[in-house]
Structures are given as C-alpha cells and as structure tokens.
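Everything on this sheet refers to the single structure shown next.
Fair warning: this is a prediction, and the values are worked out from it, not measured in the lab. We use all heavy atoms of the structure for the numbers below, so side chains are in, but hydrogens, waters and symmetry mates are not.
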Amino acid sequence: MIRSTFVHAPWVGYPTESRLWREGVRTWDDFLERNPRLRVGTDRRRAIQQEVERSRSRLKAGDYRYFARRLKPRDQWRAIGEWGDRAMFLDIETTGLRRNRHHVTVIGLNDGKRTRQFIEGVDLDEFPAAISKAPMVVTFNGSRFDLPFLQGWWPQLRFEQIHADLLYPLHALGLSGGLKEIETTLGVERTEETRNIRGYDAVKLWRRFERGDEDALDLLLEYNRQDVENLVPLMHHAYRNLRARILGARPPATG
DNA sequence: CAGAGGATCCTCTTGTTCAG
DNA sequence: CTGAACAAGAGGATCCTCTG
C-alpha cells in the first residue's frame, strides 16, 4: 500500500492520487514506466517524479524514518504492509488527560506476540530502550494522546518510527466512536473482569493501588493488556479492508 | 499569442472528536 | 473535565487547456 501512495509528493493531493489509481497507475513502478498525464507543468512534474524515485529507493533501503517524516499521521497506516509484522502495539494509562498536570502510570507494549508492561515506580524508565528499535508503532488515537503524552514525560525521547494510528483508517471504514465501541462492532472480545472498565476507571484503579490495594494494580494491568492486545486484530482488519476498498476497486467499465 | 475558464494546489478558520 | 489533529469550507494562487 505504501507503494501506491502519491499524496506525499508536492503538488499531489487526494483528488490527483485518486485519479491516478482510477487510471490504473497503482504503484510507483506504474508511474515511472507510464509517465501518466498530470495537470502540472514540467518543473512540478519533475519534482513529483523525483519524489516517486526517492520513495522507491528509500523503501528498498528499508528507511522507515523517511516515511515517518514524509507521511501525514492519517496516512501512515499505509505502511502496515511493509513494517506491520515488526510493529510495537502501544497503550498507556495515566492519572488524567492533561500532560502538564498528570503523569504516566502504566505502559503496555506488545510486539505482535507478547505483551510487556512498564509500571511507574518499578521499571517505567526501561520503556524508551524497549521501543527504540521498532520501525513502527501502532496505537488508537495515539497521535492526539499517547505519543504527545510520552513526549511530555520524556522530552528527550524521539519517536522516529512510523506511527499507524488506527483511529483514522477505522473511521474511514465507517467505524466511528472510541476503541471500545469499535471492538464491540467488530466482535473483538474482552475478559469478564475488564469488560466494564473504561478510561477514567484506570485513573481510579491507580489511586486505589497507591493507597495500598495490590488487587487494583492487577486489574489495571489486565485492563491495559486487553487494550493493547486488541489493537492487533484491529490493525489487520483496518489494513485488509481499506486496502481492498482503495486498490481492489475496479476502474469504470468501458462501453 | 492572449485571455477565459477550470482544476486543484496551499493556507487559514471553525467545529468535532477521542484519549485517561 | 484538556489538547491536538482531522474534516469541511472559503479564499488566493498557479498553471493547464481551449479558442480565436
């Protein structure tokens, strides 16, 4: 899907990209071979072509940082096909919504197979090293919450990986609402104990733990584990369906 | 060649939506 | 309960295509 992306080139917006797809220009290779008609002059065409060539070579070199910088947050999910199998799924719990006033309590990180959890006062500082080698981070609404919050917590931390925020592709598929609502729609299950817990309850569970209730921490960790592990099937659903919708669509029949 | 009309880029503003 | 990014829409700019 990243090989079909043109909107990161200058003077290419979503209408132009859609037109290219409709005309059968589905990949960078198609573009360079067929040199399709564009409603731009020679200078701009040259700039677009250079971006396509550069993208092709950056992908061949495995340079995920290039695409992390180049693609808008809402388009980064398109790289799931290339880096999704080495992605880290991420979800955080905090003491509230304001990153100046509140702080991180738990970070859940799943590598596609196993979940590791970092706890404030125990091993939270090991998180930056654990995420640093991943080419891709997957979240739900992480563009607006998780990543900025972590950035405020560790000002020196730089997220250089591609960030697939599943909120945008899922909404594009018509699945609106928050994570829990979308899970219900898609039939993604939760365990009995965590089924009725929501975001603000995580705040209260941490407070209970601070007052000495160890069971509250266990429940908070179980809730966080569910949140982060449910991102895995959501990612596959989002990518498979949106890719099919965009590239599987046949051009209009002639005649 | 010059001018009109059309397409679509970029930028700015406003309202909505999620996260704990 | 806050803050950030998107969507949608308007305005300005650029550059293509079509005519005569």
Notebook entry, point to check: Between the two end axes of the helix from dC1(B)-dG20(C) to dG20(B)-dC1(C), each built from 5 base pairs, what angle do you get to the nearest 10°?
Noted result: 30°
Notebook entry, point to check: What's the NE2-C1' distance between His163(A) and dA4(C), to the nearest Å?
Noted result: 13 Å
Margin query: Regarding Arg99(A), tell me which of base, sugar-phosphate or nothing describes its non-hydrogen contacts under 4.0 Å with the strands shown.
Written below: sugar-phosphate
Next item on the list: Indicate yes or no for a side-chain donor-acceptor contact from Glu17(A) to the backbone of Val7(A) under 3.5 Å, with no hydrogens or angles considered.
Entry: yes
Checklist line | Length of the line joining Leu147(A):CG and dG3(C):P, which is rounded to integer Å | finding: 18 Å
Notebook entry, point to check: Less than 4.0 Å between a side-chain N and a carboxylate O, is that true for Asp111(A) and Arg116(A)?
Noted result: no
Item checked: Spacing of Arg101(A) atom CZ relative to dC1(C) atom C1', expressed in whole Å -> 10 Å
Margin query: In whole Å, I'd like the distance from the CD atom of Gln151(A) to the C1' atom of dG3(C).
Written below: 15 Å
Next item on the list: May I ask you to check whether Phe6(A) and Trp21(A) place their ring centers less than 6.0 Å from one another?
Entry: no
Note to self: If we count only N and O atoms by modelled type, under 3.5 Å, do the side chains of Asp218(A) and Tyr223(A) hold a donor and an acceptor together?
What the structure shows: no
Check: Taking protein heavy atoms under 4.0 Å as touching, what does nucleotides 14-20 of chain B look like 5' to 3' if B marks base contact, S marks sugar-phosphate-only contact and - marks none?
Finding: ---BBBB
Next item on the list: Grab the CG-C1' distance between Asp165(A) and dA4(C) for me, whole Å please.
Entry: 11 Å
Check: CD1 of Ile48(A) versus P of dC15(C): gap in Å, rounded?
Finding: 12 Å
Any N/O pairs under 3.5 Å between the protein and nucleotides 9-14 of chain C? List them or say none.
| residue | atom | partner | partner atom | Å |
| --- | --- | --- | --- | --- |
| dT14(C) | O3' | Arg44(A) | NH2 | 3.0 |

Check: Going by heavy atoms in the side chains, are Arg74(A) and Asp165(A) under 4.5 Å from each other?
Finding: no
Next item on the list: Mind jotting down which residue pairs meet the salt bridge (charged side-chain N to carboxylate O under 4.0 Å, His left out) criterion with at least one end in residues 137-164 of chain A? Sequence neighbours excluded, please.
Entry: Arg65(A)-Glu160(A)
Note to self: Just to verify, what does Arg69(A) make a salt bridge (Lys or Arg N to Asp or Glu O under 4.0 Å) with, not counting sequence neighbours?
What the structure shows: none
Margin query: Using a 4.0 Å heavy-atom cut-off, does Arg19(A) contact any base of the nucleic acid, only the sugar-phosphate backbone, or nothing at all?
Written below: sugar-phosphate
Notebook entry, point to check: Can you hop from Val188(A) to Val138(A) via hydrophobic side chains spaced under 4.5 Å?
Noted result: yes
Notebook entry, point to check: Where each residue is assigned the nucleotide of DNA chain C containing its nearest heavy atom, which of Tyr168(A) and Arg98(A) is assigned the position nearer the 5′ end?
Noted result: Arg98(A)
Margin query: Just to be sure I understand the rule, does Pro73(A) reach a base, reach only the sugar-phosphate, or reach nothing, if contact means heavy atoms closer than 4.0 Å?
Written below: sugar-phosphate
Notebook entry, point to check: Is the shortest distance from a Lys or Arg side-chain nitrogen in Asp75(A) or Lys72(A) to a carboxylate oxygen in the other one below 4.0 Å?
Noted result: no
Notebook entry, point to check: For Arg3(A), does the CZ atom sit with more than 12 other heavy atoms under 6.0 Å from it, leaving out its own atoms?
Noted result: no
Notebook entry, point to check: Who are the side-chain contact (heavy atoms from CB on, under 4.5 Å) partners of Ser57(A), not counting sequence neighbours?
Noted result: none
